[in-house]
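To keep things clear, I will list the structure first and then write my remarks on it.
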Amino acid sequence: MSAPIRRIAHLDMDAFYASVELLRYPQLKGLPVVIGGGRRAADEALRALQDERGLAGIPVEAFPVLRDYTGRGVITTATYAARQFGVGSALGLMKAARLCPQAILLPVDFDEYRKYSRLFKATILEIAPLMEDRGVDEVYIDFTEVPGGQREGGRVLARLIQKAVFDRTGLTCSIGVAPNKLIAKMASEFNKPNGISVVHEADLQSLIWPLACRRINGIGPKADEKLARLHIHTIGDLAAQSREWLIEHFGKATGAWMHEAANGRDDRPVALESEPVSISRETTFDRDLHAVRDRAELGAIFTALCEKLAGDLQRKGYVGKTIGIKLRYDDFKGVTRDQTIAHYTADAKTIRHTAGLCLKRVPLAQRLRLLGVRVGSLLKAAEARELESNVPVAHTVSTHLATDSIAATDQLF
DNA sequence: TCTGGGGTCCTAGGACCC
DNA sequence: TCTGGGGTCCTAGGACCC
């Protein structure tokens with residue numbers, strides 16, 4: 001037997017949030033539905049209806065629709081019926097309301113999506129043990145050594161996984177199988193929804209080169225625009241450029257990577273485990289707030305963000321020592337500030353204090369639409385304890401001083 | 001009536017150390 | 001008296017992804 005050919009799958013759940021919602025509200029099947037926003041009043045009305053008539057008993061007319069929405073939310077997911085109207089992810093809800101006013105608008109329910117996310121991933125792991133988590137609704141799977149992973153280029157195993165996921169969750173997914181992650185990711189888009197597509201190395205020119213450069217995971221709007229200015233539109237156009245020329249225009253790292261990608265080369269392994277680098281909380285206000293005029297309100301939001309963040313860290317068992325803030329002004333421009341402290345922490349007061357110092361270094365004349373707090377340079381709490389277990393006394397004192405001066409920061413706003 | 005809330009990685013300059 | 005260079009950490013911003 002010769003060595004097995006590397007076969008990597010990318011699995012993407014179809015319209016994940018929306019599909020989970022349709023499991024609860026089957027009466028909405030086939031209708032344009034979008035998930036997003038978050039209006040307390042409408043959410044409560046919906047909850048009251050659930051209590052009264054049961055989920056599936058809510059009449060279609062009783063659901064909130066886009067037409068009635070006022071606020072600053074965006075669409076996170078749209079059903080395929082809604083996509084017909086040109087609405088999709090990241091579109092502002094007010095804008096979407098003009099395209100499809102009758103679309104039903106459901107609030108985001110992350111807890112529910114996380115539940116199904118765990119379920120479909122556990123199902124995959126029972127079949128194929130080498131899986132990389134890429135967020136709530138997608139994964140990479142290494143098919144190479146899995147029984148059936150080589151049959152029909154991986155199609156047989158892909159079908160098996162697709163069926164297992166559907167049987168367990170009632171949800172469909174699309175799978176691409178290819179020689180590497182880069183191509184697998186593109187391939188999973190080929191037959192959406194509920195599709196499978198298999199790409200071999202020899203298919204590069206016929207299946208990959210005609211695609212727009214933007215389809216490469218890692219080429220975003222900016223790079224795409226620049227490529228277009230250079231008259232490069234397809235991946236084939238990109239592959240026709242020399243490595244040197246690409247490095248000249250996009251820099252050493254990006255240029256070389258583009259050259260590899262365009263030629264279908266990617267040797268990144270399927271990464272089973274990864275540790276978080278940072279954890280953050282942010283919020284966009286219902287209306288823009290002014291640091292002076294809305295001092296009390298901003299201060300309360302700021303403190304609440306720090307407390308939630310501390311809770312997240314503690315629950316997940318991490319501490320960090322780089323505390324940062326993020327601001328977005330009413331013109332949508334943003335700034336960040338951060339500060340590294342002497343000791344790892346997950347303490348709300350310490351975070352609040354340090355973030356408060358960051359805030360003092362930022363211009364606050366203009367009104368704000370967003371405030372965020374971040375903790376980075378993370379370490380597992382146990383590892384940090386070990387690391388800091390024989391720390392000089394002087395440092396311990398400074399921590400107490402820092403925590404004691406919280407009162408002063410409270411007067412910030 | 002524009003534009004959410006998480007994240008990751010890269011770049012680039014300055015400080016500071018060897 | 002001058003001339004280096006490498007390495008690491010910190011900070012700010014930006015591109016990109018789900």
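Per chain, numbering begins at 1; letters A, B, ... match sequence-line order. Excluded from the calculations below are hydrogen atoms, water molecules and symmetry mates; all remaining heavy atoms, backbone and side chain alike, are included.
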> Of A/Lys321 and A/Gly334, whose nearest nucleotide on DNA chain C comes first from the 5' end?
Replying inline: A/Lys321
> Only one of A/His10, A/Lys181, A/Arg268 clears side chain to side chain donor-acceptor pair (under 3.5 Å) with A/Glu132; which?
Replying inline: A/Lys181
Using a cutoff of under 3.5 Å, can you pull out all pairs of nitrogen or oxygen atoms linking the protein to nucleotides 8-15 of chain B, with atom names and distances?
from, atom 1, to, atom 2, distance (Å)
B/dT8, OP1, A/Val277, N, 2.7
B/dT8, OP2, A/Ser278, N, 3.2
B/dT8, OP2, A/Ser278, OG, 2.9

> Whole-Å distance between C/dC16 C1' and A/Ile219 CD1?
Replying inline: 11 Å
> Rounding to a whole Å, what distance do you find between A/Ile75:CD1 and B/dT3:P?
Replying inline: 13 Å
> Is the shortest side-chain N to carboxylate O distance from A/Lys192 to A/Glu189 below 4.0 Å?
Replying inline: no
> Given atom CD1 of A/Ile301 and atom P of B/dG4, what is their separation to the nearest angstrom?
Replying inline: 15 Å
>> Distance check needed: B/dT3 P versus A/Asp330 CG, whole Å only.
In response: 12 Å
>> For C/dC18 and A/Thr76 - does any side-chain N or O of the residue sit under 4.0 Å from the phosphate oxygens OP1/OP2?
In response: no
> With a distance cut-off below 6.0 Å to the six-membered ring centre and an angular limit of 45° from the axis, does A/Arg83 pair with A/Tyr80 as a cation-pi contact?
Replying inline: yes
>> For C/dC2, does the O4'-C1'-N9-C4 or O4'-C1'-N1-C2 angle fall within 90° of 0, making it syn, or is it anti?
In response: anti
>> Going by side-chain contact (heavy atoms from CB on, under 4.5 Å), A/Ile8 matches just one of A/Leu182, A/Asp142, A/Ile183. Which one?
In response: A/Asp142
> To the nearest angstrom, how far is A/Lys95 atom NZ from B/dT1 atom C1'?
Replying inline: 10 Å
>> At 4.0 Å (heavy atoms only), tell me whether A/Lys185 reaches a base, stays on the sugar-phosphate, or touches nothing.
In response: sugar-phosphate
>> Does B/dG4 have its OP1 or OP2 closer than 4.0 Å to a side-chain nitrogen or oxygen of A/Arg328?
In response: yes
> How would you label the contact of A/Ala97 with the nucleic acid (heavy atoms, under 4.0 Å): base, sugar-phosphate, or nothing?
Replying inline: nothing
>> Mind checking if A/Ile325 touches a base, just sugar-phosphate, or nothing, with heavy atoms under 4.0 Å?
In response: nothing
> With side chains defined as the heavy atoms from C-beta onward, is the minimum distance between A/Glu21 and A/Val33 less than 4.5 Å?
Replying inline: no
> Paired with B/dC18: which nucleotide, if any, by Watson-Crick or G-U wobble criteria at under 3.5 Å for both distances?
Replying inline: C/dG5
>> Which label fits A/Tyr17 and A/Phe110: parallel for a plane angle under 30°, tilted from 30 to 60°, or perpendicular past 60°?
In response: perpendicular
> How close or far is atom C1' of B/dC2 from atom CZ of A/Arg72, stated in whole angstroms?
Replying inline: 10 Å
>> Looking at A/Asp288 and A/Arg72, is any side-chain nitrogen of the basic one under 4.0 Å from a carboxylate oxygen of the acidic one?
In response: yes
>> Under 4.0 Å, counting only non-hydrogen atoms across every strand here, what does A/Ser89 touch: a base, just sugar-phosphate, or nothing?
In response: nothing
> NA contact type, A/Lys222, heavy-atom cut-off 4.0 Å: base, sugar-phosphate, or nothing?
Replying inline: sugar-phosphate
>> Measure NZ/A/Lys326 against P/B/dG7 and give the value in whole Å, please.
In response: 11 Å
>> Taking the minimum atom-to-atom distance to the side chain of A/Arg98, which one of B/dG7, B/dT1, B/dG6 wins?
In response: B/dT1
> Okay, side chain of A/Arg7, backbone of A/Gly153: is any donor-acceptor separation there less than 3.5 Å?
Replying inline: yes
> Counting side-chain heavy atoms from CB outward, which of B/dG7, B/dG4, B/dG6 is closest to A/Lys316?
Replying inline: B/dG7
